[in-house]
Protein chains: 2
Amino acid sequence: MSGAMLKDALVTLKESGVRITPQRHAILEFLISSETHPTADEIYKALESDFPNMSVATVYNNLRVFRNSGLVKELTYGDASSRFDFVTHDHYHIICDECGSIVDFHHPGLEEVERLASYVTGFKVNSHRLEVYGVCPTCEKQAVKAN
Amino acid sequence: MSGAMLKDALVTLKESGVRITPQRHAILEFLISSETHPTADEIYKALESDFPNMSVATVYNNLRVFRNSGLVKELTYGDASSRFDFVTHDHYHIICDECGSIVDFHHPGLEEVERLASYVTGFKVNSHRLEVYGVCPTCEKQAVKAN
DNA sequence: TAAACTAATTATAATGATTATAAAGAAGTA
DNA sequence: TACTTCTTTATAATCATTATAATTAGTTTA
């Protein structure tokens with residue numbers, strides 16, 4: 001079923017006039033199979049063995065292409081590098097304050113919040129971003145052990 | 001009343017053992033009076049005339065100090081520089097996709113979302129981040145005019 | 001009030017993520 | 001197959017932010 005997602009993504013790209021190169025194929029495939037919201041550099045390193053000559057710029061360029069096609073979402077957290085997430089169905093992220101791990105969770109969209117924001121500010125609303133922060137079970141366990 | 005906010009902030013700092021320097025005083029004052037969620041560089045430039053010898057590092061250092069004391073919140077948006085927001089009472093931000101302007105709005109906290117996220121993922125929740133994106137009235141007017 | 005202790009500031013260099021550039025290579029098409 | 005155009009590569013540049021080390025200045029206490 002992740003095979004179908006890849007195929008769909010390739011069709012989407014082709015339809016918007018984007019050429020399918022081996023590098024693009026590999027980056028997409030890696031993103032889809034990945035559970036970990038990788039950084040550009042992690043993608044680069046993961047594909048190094050298959051593409052020894054690939055440039056980091058290629059990874060960045062293509063992530064931008066994918067983002068512009070709506071296939072990939074960029075997650076930014078100030079300090080560190082951006083992370084990239086293949087868009088499947090809508091979900092939110094919860095992020096561990098200790099180890100930085102990112103876990104998906106589903107929740108109905110926050111249309112009510114969007115409506116209120118629009119009403120109060122006069123903006124025409126396009127989208128929103130929500131993240132929850134906390135401590136993941138693994139880190140919590142270690143904290144308990146340490147006491 | 002913004003004078004009271006500054007006074008409170010200075011007390012908070014003093015109580016946590018942070019020295020009050022003229023630079024810190026000025027940065028805080030500027031942040032409180034500012035409506036625009038400035039970047040570190042904007043703060044630096046704004047205070048240049050009063051503190052011709054101040055270093056950019058001082059601005060960054062002190063913004064970190066203020067953040068650690070809970071006085072200031074850092075807003076990160078990937079591409080550009082971080083923006084800094086003096087914490088008054090809880091509010092969310094709505095951001096214009098066209099011109100980047102940031103406007104505050106108030107909404108009851110999303111405790112329900114936090115609860116669900118915690119339940120689904122097993123995380124101990126600390127906080128959340130919510131932003132709404134759209135087009136501000138000014139940009140909307142210009143878009144209409146352009147058609 | 002002045003000495004002493006320690007933290008803060010300054011100037012500068014370093015870091016690290018991301019982007020720009022220009023030449024070489026490869027997709028897609030007639 | 002040859003052509004056109006987009007993509008990749010390698011490298012240098014940019015820009016925000018942080019580290020460093022020397023100097024300066026708050027704060028405390030006698």
Notebook entry, point to check: Which one of A:Leu130, A:Ile102, A:Val132 satisfies the side-chain contact (heavy atoms from CB on, under 4.5 Å) criterion with A:His93?
Noted result: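 Only one option passes, and that is A:Ile102.
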
Notebook entry, point to check: How would you label the contact of A:Pro52 with the nucleic acid (heavy atoms, under 4.0 Å): base, sugar-phosphate, or nothing?
Noted result: nothing

Check: Reckon A:Asn62 touches a base, only the sugar-phosphate, or nothing at all at heavy-atom distances under 4.0 Å?
Finding: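 Sugar-phosphate contact only - A:Asn62 comes under 4.0 Å of backbone atoms but never of a base.
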
Next item on the list: For the pair B:Tyr92 and B:Phe105, name the ring-plane relationship: parallel under 30°, tilted 30 to 60°, perpendicular over 60°.
Entry: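 Because their plane-to-plane angle lies in the 30° to 60° range, the rings of B:Tyr92 and B:Phe105 count as tilted.
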
Give a yes or no answer on whether the side chain of [X] reaches the backbone of [Y] with a donor-acceptor pair at less than 3.5 Å.
X: B:Ser69; Y: B:Val65; result: yes
X: A:Ser16; Y: A:Val18; result: no
X: B:Ser118; Y: B:Lys124; result: no

Taking the side chain of [X] as heavy atoms from C-beta outward, which of [options] is closest to it?
X: B:Tyr60; options: D:dT9, D:dT18, C:dT10; result: D:dT18
X: A:Thr58; options: D:dT8, C:dA8, C:dT10; result: D:dT8
X: B:Asn61; options: C:dA11, C:dT9, D:dT9; result: C:dT9
X: A:Ser55; options: D:dT8, C:dA11, D:dA10; result: D:dA10

Send over the distance from [X] [atom1] to [N] [atom2], rounded to a whole Å.
X: A:Arg64; N: D:dC6; atom1: CZ; atom2: P; result: 16 Å
X: B:Arg83; N: D:dT17; atom1: CZ; atom2: P; result: 11 Å
X: A:Glu48; N: D:dA10; atom1: CD; atom2: P; result: 12 Å
X: A:Met54; N: D:dT11; atom1: CE; atom2: P; result: 16 Å
X: B:Leu13; N: D:dG26; atom1: CG; atom2: P; result: 15 Å
X: A:Asn68; N: D:dC6; atom1: CG; atom2: P; result: 16 Å
X: B:Asp41; N: D:dT18; atom1: CG; atom2: C1'; result: 15 Å
X: A:Phe51; N: D:dT8; atom1: CZ; atom2: C1'; result: 12 Å

Next item on the list: By nearest nucleotide on DNA chain C, pick out whichever of A:Ile20 and A:Val56 is the more 5' one.
Entry: A:Val56

Less than 4.0 angstrom between a side-chain N/O of [X] and OP1 or OP2 of [N], yes or no?
X: A:Gln23; N: C:dA26; answer: no
X: B:Thr21; N: D:dA25; answer: no
X: A:Thr39; N: C:dA17; answer: no
X: A:Arg24; N: D:dT8; answer: yes

Note to self: Taking salt bridge (Lys or Arg N to Asp or Glu O under 4.0 Å) as the criterion, tell me which of B:Glu74, B:Glu42, B:Glu131 meets it with B:Arg83.
What the structure shows: B:Glu42

Notebook entry, point to check: Side chain of A:Arg19, base of D:dT5: donor and acceptor closer than 3.5 Å?
Noted result: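 Result: at least one qualifying N/O pair found.
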
Check: Side chain of A:Ser81, base of C:dA17: donor and acceptor closer than 3.5 Å?
Finding: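 Donor-acceptor pair under 3.5 Å: no.
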
